[in-house]
2 protein chains.
Amino acid sequence: MNNEKRYTQVIEKLRAVGLRPTRQRIALAGLLFDGTDKHVCAEDLHRDVINADSPVSLATVYNTLHQFTDAGLLREIVISAGRSYFDTNVSDHHHFYFETDGGLEDINSDEVVVTQLPTPPKGQKISRVDVVVRVSED
Amino acid sequence: MNNEKRYTQVIEKLRAVGLRPTRQRIALAGLLFDGTDKHVCAEDLHRDVINADSPVSLATVYNTLHQFTDAGLLREIVISAGRSYFDTNVSDHHHFYFETDGGLEDINSDEVVVTQLPTPPKGQKISRVDVVVRVSED
DNA sequence: GTGATTGCAAATCTTTTGCACTAAA
DNA sequence: TTTAGTGCAAAAGATTTGCAATCAC
């Protein structure tokens, strides 16, 4: 796919969720939604966007990650205290967490089967079930 | 159970995991391991121990929570960025997370049945499977 | 005594916020 | 124009750390 087409697609993606396609959002969305699933934290993405010669402030990276999350374009994952990761894969799936190095890896939803779930407390409904398979060195 | 007996038990519990029964650890362990399962964060526990007339610094509360976790007396739960909770229930179980107020509640392990798990990557073994059932208002 | 533990205050790190400036519609 | 979005620097939290004083053994 050529650059012009990707650029147009990113703009459409932003408009589709009601976000103005500003230079900063276009740059960040271009890095995030390149067709591959990734887990990024704010610092990573800030570094990448600077390296791509599109200066965006760290505050804007944070704001944008949350706007994208609210818009359903990203999913926030919290595993280790004091750092949030954002997953570009927003479909139903789970994660391996590597205790040794803190890394994350997707698990397809068909590889984890949860056959029984508790009834949520009265007045509450299940919005999501997160399964984290923690692994360590053998 | 009388106070003297509980005091002795707490000291034994600390010695059993190789931690010196200092005044601070005894006070914190006494609050944590009272027989009921609880989820506490450092600030909560610090407030409680101060209220119980056993002054312990916040730094020591943090250090102690991690020492207890390393010793297998507590389990750390990270759900929302920027705050860790510690669970006094270290047996196999899962959690409800209330998105509305950030609250946590235990789910007995027999209420969640995971019938299929992925094979861990080569050289890795599964150390734990955490299931978080996120619920929101109906 | 001697090595482990603690408290304090400062440092660190991530994330959020207020507000003047800039850009999209 | 008009309103949304951005950048900066400062603030806000949570957690960690260095080091001298204190305590358990």
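Lettering follows sequence order; numbering is per chain, from 1.
- Ring centroid separation for the pair B:Phe86 and B:His66 comes in under the 6.0 Å cut-off.
- Atom P of nucleotide D:dA14 and atom CG of B:Leu58 are separated by 9 Å, given to the nearest angstrom.
- Between D:dT16 and B:Tyr62, no contact under 4.0 Å exists linking OP1 or OP2 to a side-chain N or O.
- Residue-to-nucleotide proximity on DNA chain D shows that, of B:Gly82 and B:Arg15, the 5′-proximal contact is made by B:Gly82.
- The B:Gln67 side chain lies nearest to C:dT6 when the options are D:dG5, D:dC25, C:dT6.
- One can place CG of B:Leu45 at 15 Å from P of D:dA14, the figure rounded to the nearest angstrom.
- Between B:Arg23 and C:dG7, a side-chain N or O to OP1/OP2 separation shorter than 4.0 Å is present.
- Across the protein-nucleic acid pair, B:Leu14 atom CG and D:dC23 atom C1' stand 15 Å apart, rounded to whole Å.
- Checking A:Cys41 against A:Arg20, the closest nucleotide of DNA chain C that is more toward the 5' end is the one next to A:Cys41.
- For the OP1/OP2 pair of D:dT6 and a distance below 4.0 Å, the side-chain nitrogens and oxygens of A:Arg25 include at least one atom meeting the criterion.
- Nucleotide D:dG13 holds its C1' atom 15 Å from the CG atom of B:Asp44, rounded to whole Å.
- For the pair B:Arg15 (side chain) and B:Arg20 (backbone), a donor-acceptor distance under 3.5 Å is absent.
- For A:Val56, counting side-chain heavy atoms from C-beta on, the closest listed nucleotide (C:dA25, D:dG7, C:dT15) is D:dG7.
- Of the candidate nucleotides C:dT15, C:dA9, D:dC25, C:dT15 has the atom nearest to the side chain of A:Ser84.
- Taking side-chain N and O atoms only, B:Ser57 has a distance below 4.0 Å to OP1 or OP2 of C:dG7.
- Taking atom CG on A:Leu19 and atom C1' on D:dT6, their separation rounds to 14 Å, with Å as the unit.
- Side-chain nitrogen and oxygen atoms of B:Thr22 include at least one within less than 4.0 Å of the OP1 or OP2 phosphate oxygen of C:dT6.
- Nucleic acid contact class of B:His46 (heavy atoms, under 4.0 Å, all strands): none.
- Going from atom CG of B:Asp92 over to atom CG of B:Asp110 covers 10.0 Å, rounded to the nearest 0.5 Å.
- Ranking D:dG7, C:dA9, C:dT5 by closeness to the B:Ala59 side chain, first place goes to C:dA9.
- An OP1 or OP2 oxygen of C:dT15 is reached within less than 4.0 angstrom by no side-chain nitrogen or oxygen of A:His66.
- Among the protein residues, B:Arg83 comes within range of the sugar-phosphate backbone only, with heavy atoms under 4.0 Å from sugar or phosphate atoms but none that close to a base.
- In this structure, B:Thr88 OG1 and B:Asp106 CG are separated by 8.0 Å, a value rounded to the nearest 0.5 Å.
- Taking the side chain of B:Glu43 as heavy atoms from C-beta on, and the options D:dA14, C:dT15, D:dT6, the nearest nucleotide is D:dA14.
- For the pairing with B:Ile77, the side chain to side chain contact (heavy atoms under 4.5 Å, CB included) check across B:Leu104, B:Val132, B:Asp130 returns one residue only, B:Leu104.
- Close to D:dT22, at under 4.0 Å from its OP1 or OP2, lies no side-chain N or O of B:Gln24.
- Looking only at distances, no side-chain donor or acceptor of B:Arg25 sits under 3.5 Å from a matching main-chain atom of B:Thr64.
- The CG-P distance, from A:Asn63 to C:dT15, rounds to 12 Å in whole Å.
- To the nearest angstrom, C1' of D:dG13 lies 13 Å from OH of B:Tyr85.
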